[in-house]
Student: 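Pasting in a structure now, in structure tokens, and then I'll have a few things to ask.
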Amino acid sequence: MEVGLDFDGVFIDTSLVKSKLALALYGVYIPPEQFKREVVVGCGLLTDEQYTKVSRTASSDLELTLSMPPLPNSVYFTNRLLHEGHGVRVVTSRDGYNAWIAMQYMLYYGLFLTLSGVGYRIPKTDACRGLDFYADDDLDKLIPLVGIVPRLYLFSWPYNSHLTIPSNITGKTYSWSHIYSLISGRNVV
Ligand SMILES: [Mg+2]
């Protein structure tokens with residue numbers, strides 16, 4: 001199976017670093033698990049501009065990105081999928097230097113994956129052609145892929161768990177063991 005994965009929020013947990021940055025830059029404490037534009041800006045905790053500044057600062061700094069933990073078991077199950085013959089690639093909104101940082105992050109964890117950096121607020125449609133499965137923590141990134149990728153999953157976090165997914169999105173996923181089960185057809189014990 002050809003598998004595509006988002007980077008921020010699916011492979012890597014950016015939330016704690018962003019929370020700390022918001023506190024340092026703007027004196028606002030936002031719980032890490034709530035750190036998503038729709039929530040943070042929607043509740044008036046930061047302006048859209050401030051959110052963008054926090055997000056770009058986090059993703060444009062190699063050391064800051066390397067300080068973010070991978071999601072639990074993401075490295076393990078990515079390796080397992082590769083070992084079992086699946087193709088795995090990263091499709092991220094990061095581009096340019098920020099995409100290069102994401103690539104360094106994967107290499108740091110021993111993962112040699114193809115990475116497509118499509119650019120912020122640009123649909124991932126072209127980069128996702130040929131995939132059988134794609135997971136993203138941003139529902140807006142999944143919608144344009146309907147009809148392009150057969151199996152589309154929203155990676156669920158507290159900041160997006162309130163969202164009702166449209167019927168043409170396959171489902172939600174909550175963990176890497178679940179992602180692995182969905183792709184391999186095997187239950188993880
Ligand atoms: Mg993401």
Side-chain angles (χ1 to χ4, degrees), residues 3-19 21-22 30-42 46 48 51-62 64-75 77-78 88-106 109 111 113-128 131 133-146 148-149 151-163 165-166 169-176 178-179 182:
V3 177
L5 302 162
D6 180 32
F7 182 67
D8 295 283
V10 171
F11 196 86
I12 180 175
D13 183 354
T14 64
S15 58
L16 182 59
V17 165
K18 287 181 179 174
S19 177
L21 277 172
I30 299 160
E33 64 275 13
Q34 296 296 336
F35 218 98
K36 190 70 176 171
R37 186 185 299 273
E38 295 79 354
V39 178
V40 172
V41 177
L46 294 179
D48 196 61
Y51 181 91
T52 300
K53 168 84 174 168
V54 168
S55 194
R56 297 282 166 89
T57 301
S59 57
S60 63
D61 186 301
L62 179 61
L64 272 182
T65 298
L66 286 174
S67 75
M68 300 173 188
L71 260 76
N73 299 315
S74 61
V75 175
F77 281 115
T78 300
V88 181
R89 64 177 125 129
V90 176
V91 183
T92 173
S93 293
R94 291 175 178 238
D95 61 359
Y97 180 65
N98 295 3
W100 178 84
I101 288 176
M103 181 66 91
Q104 301 314 301
Y105 188 91
M106 306 305 272
Y109 284 96
L111 292 169
L113 303 178
T114 300
L115 183 145
S116 302
V118 303
Y120 293 99
R121 300 186 180 182
I122 294 174
K124 295 181 172 179
T125 318
D126 287 339
C128 285
L131 292 177
F133 178 107
Y134 180 70
D136 204 300
D137 64 323
D138 191 340
L139 185 58
D140 290 343
K141 297 287 166 54
L142 292 173
I143 302 291
L145 301 176
V146 172
I148 305 286
V149 180
R151 299 173 70 189
L152 294 166
Y153 282 86
L154 179 68
F155 198 98
S156 192
W157 284 82
Y159 55 70
N160 66 19
S161 60
H162 63 288
L163 295 174
I165 54 170
I169 301 297
T170 317
K172 291 186 179 184
T173 184
Y174 301 87
S175 67
W176 269 82
H178 186 225
I179 287 178
L182 289 167

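Reckoned from all heavy atoms, side chains included, excluding hydrogens, waters and symmetry mates. We count ligands from 1, going down the list as the structure has it; atoms in each ligand are counted the same way.
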Student: The Mg ion (ligand 1) is nearest to which N, O or S atom of D6?
Tutor: OD2
Student: For R121, is there an ion pair with D48 - N to carboxylate O distance below 4.0 angstrom?
Tutor: yes
Student: Give the name of the N/O/S atom in D137 that lies closest to the Mg ion (ligand 1).
Tutor: OD1
Student: Which heavy-atom pair separates D95 from V118 by the least distance, and what is that distance?
Tutor: CB-C, 4.5 Å
Student: Heavy atoms, side chains only, cut-off 4.5 Å: are L113 and R89 in contact?
Tutor: no
Student: Angle class for the Y153/F133 ring planes (parallel below 30°, perpendicular above 60°, tilted otherwise)?
Tutor: parallel
Student: Would you mind naming the N, O or S atom of D8 nearest to the Mg ion (ligand 1)?
Tutor: O
